[in-house]
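Residue numbering restarts at 1 for every chain, and letters A, B, ... go by the order of the sequence lines. All values below were derived from every heavy atom in this structure, side-chain atoms included, with hydrogens, water molecules and symmetry-related copies excluded. Keep in mind the model is a prediction, meaning the values are calculated, not measured.
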Number of protein chains: 2
Amino acid sequence: MKNRLKVLRAEHDMTQAQLADETGVSRQTINAIEKGKFDPSLPLAFRFAKLFKLKIEEIFQDEE
Amino acid sequence: MKNRLKVLRAEHDMTQAQLADETGVSRQTINAIEKGKFDPSLPLAFRFAKLFKLKIEEIFQDEE
DNA sequence: TATATTTGTAAAACAAACTTTACATCAAAT
DNA sequence: ATTTGATGTAAAGTTTGTTTTACAAATATA
């Protein structure tokens with residue numbers, strides 16, 4: 001499962017800490033997701049989508 | 001987090017066991033998700049979406 | 001260059017997702 | 001009515017997601 005969080009953050013000029021804050025998780029969680037250590041929960045994926053006004057599939061992609 | 005799995009299953013005439021099988025989880029997991037006991041992981045949500053050819057948001061909805 | 005901010009990482013602990021086994025209930029059924 | 005298939009549920013266990021604390025490394029900025 002790949003994701004575009006780092007790029008989306010850059011486009012919105014946000015730090016990992018700010019994204020964590022806006023989505024209600026810790027900065028380490030954002031970092032771990034960006035680094036591919038694990039996938040977010042579905043509710044957290046929805047919060048990313050809502051924040052960036054994108055579909056979940058526009059942020060996360062199955063890497064077959 | 002609400003979901004339309006039960007309806008989608010009905011539309012596709014599938015049992016919980018069949019859906020479990022096609023998405024690689026146990027029947028109890030399908031049952032628990034349908035009954036709202038917990039949300040699926042993001043990868044599992046993707047598998048549902050792929051199977052039913054729907055966006056994740058067409059299957060799962062934030063209940064505000 | 002020194003200092004501040006951001007990012008990477010790690011360990012311990014807890015929470016949520018998921019499995020296995022097992023049994024009970026419900027609805028066709030015919 | 002009893003069997004058969006589907007669903008509901010529960011307990012114990014494993015794995016994955018997440019937090020907290022803490023520190024090191026990288027990047028920006030003064």
Side-chain angles (χ1 to χ4, degrees):
Chain A
M1 185 111 269
K2 291 175 55 180
N3 73 74
R4 307 207 317 120
L5 286 182
K6 187 172 182 173
V7 169
L8 290 169
R9 244 189 342 101
E11 288 176 355
H12 291 75
D13 198 24
M14 300 176 81
T15 68
Q16 291 183 343
Q18 287 171 335
L19 179 54
D21 205 50
E22 299 224 36
T23 55
V25 292
S26 70
R27 180 182 67 79
Q28 286 78 351
T29 290
I30 299 296
N31 189 77
I33 293 169
E34 285 192 4
K35 303 293 283 183
K37 297 203 176 174
F38 51 73
D39 298 314
S41 67
L42 185 57
L44 179 51
F46 266 87
R47 281 179 255 145
F48 289 132
K50 183 173 188 179
L51 178 62
F52 293 126
K53 298 193 168 72
L54 293 172
K55 297 284 181 198
I56 287 178
E57 287 86 351
E58 293 173 315
I59 305 179
F60 298 91
Q61 299 99 25
D62 252 341
E63 40 196 340
E64 77 277 354
Chain B
M1 186 110 265
K2 292 174 53 179
N3 72 74
R4 306 207 315 120
L5 287 183
K6 187 171 181 173
V7 169
L8 290 169
R9 243 187 345 100
E11 287 176 356
H12 291 75
D13 197 25
M14 299 176 81
T15 68
Q16 291 183 344
Q18 287 171 335
L19 179 54
D21 205 51
E22 299 223 35
T23 54
V25 292
S26 69
R27 180 182 67 80
Q28 287 78 352
T29 291
I30 299 296
N31 188 76
I33 294 168
E34 285 192 4
K35 305 293 283 182
K37 298 204 175 173
F38 51 73
D39 297 315
S41 67
L42 184 57
L44 179 51
F46 265 87
R47 280 178 257 144
F48 289 132
K50 184 172 187 178
L51 178 62
F52 292 125
K53 298 193 168 75
L54 293 171
K55 297 284 181 197
I56 287 178
E57 288 86 351
E58 293 173 315
I59 304 178
F60 299 91
Q61 300 98 27
D62 252 341
E63 38 199 340
E64 80 272 359

| Spacing of L19(A) atom CG relative to dT6(C) atom P, expressed in whole Å | 13 Å
| field | E58(B) vs F52(B), side-chain contact (heavy atoms from CB on, under 4.5 Å): CA-CA, chis, key distance, verdict | value | CA-CA 10 Å; E58(B) 293 173 315; F52(B) 292 125; over 6 Å; no
| request: Provide, to the nearest angstrom, the distance between the NZ atom belonging to K35(A) and the C1' atom belonging to dG17(D). | output: 19 Å
| Test side-chain contact (heavy atoms from CB on, under 4.5 Å) applied to L8(B) and L54(B), step by step | CA-CA 10 Å; L8(B) 290 169; L54(B) 293 171; 3.7 Å; yes
| request: Calculate the interatomic distance between D21(A) atom CG and dT7(C) atom P; express it in whole Å. | output: 14 Å
| message | Expressed as a whole number of angstroms, how long is the span from Q16(B):CD to dC26(C):P? | response | 15 Å
| field | Main-chain N/O of I33(A) paired with N3(A) side-chain donor or acceptor, under 3.5 Å | value | yes
| field | Nucleotide dC26(C), atom C1' - distance to NZ of K6(B) in whole Å | value | 12 Å
| field | Distance in angstrom units between L5(A) CG and dG17(D) P, rounded | value | 14 Å
| field | Rounded distance (Å) that lies between atom P of dT6(C) and atom CD of E34(A) | value | 14 Å
Please produce a list of atom pairs where a protein N or O lies less than 3.5 Å from an N or O of nucleotides 15-19 of chain C.
unit_1, atom_1, unit_2, atom_2, d
dA17(C), OP1, D39(B), O, 3.3
dC18(C), OP1, S41(B), N, 3.1
dC18(C), OP1, S41(B), OG, 2.7
dC18(C), OP2, S41(B), N, 3.3
dT19(C), OP1, S26(B), N, 3.4
dT19(C), OP2, S26(B), N, 2.8
dT19(C), OP2, S26(B), OG, 2.9
dT19(C), OP2, T29(B), OG1, 2.5

| said: Between E22(B) and L19(B) (side chain of the first, backbone of the second, donor and acceptor by atom type, cut-off under 3.5 Å), is there such a pair? | reply: no
| query | Looking at side-chain heavy atoms only, is the closest gap between L42(A) and L44(B) below 4.5 Å? | reply | no
| message | Check whether R4(B) reaches the backbone of I59(B) with its side chain - one donor and one acceptor, N or O, closer than 3.5 Å. | response | no
| message | Counting only side-chain nitrogens and oxygens, does N31(B) get under 4.0 Å of the OP1 or OP2 atom of dG8(D)? | response | yes
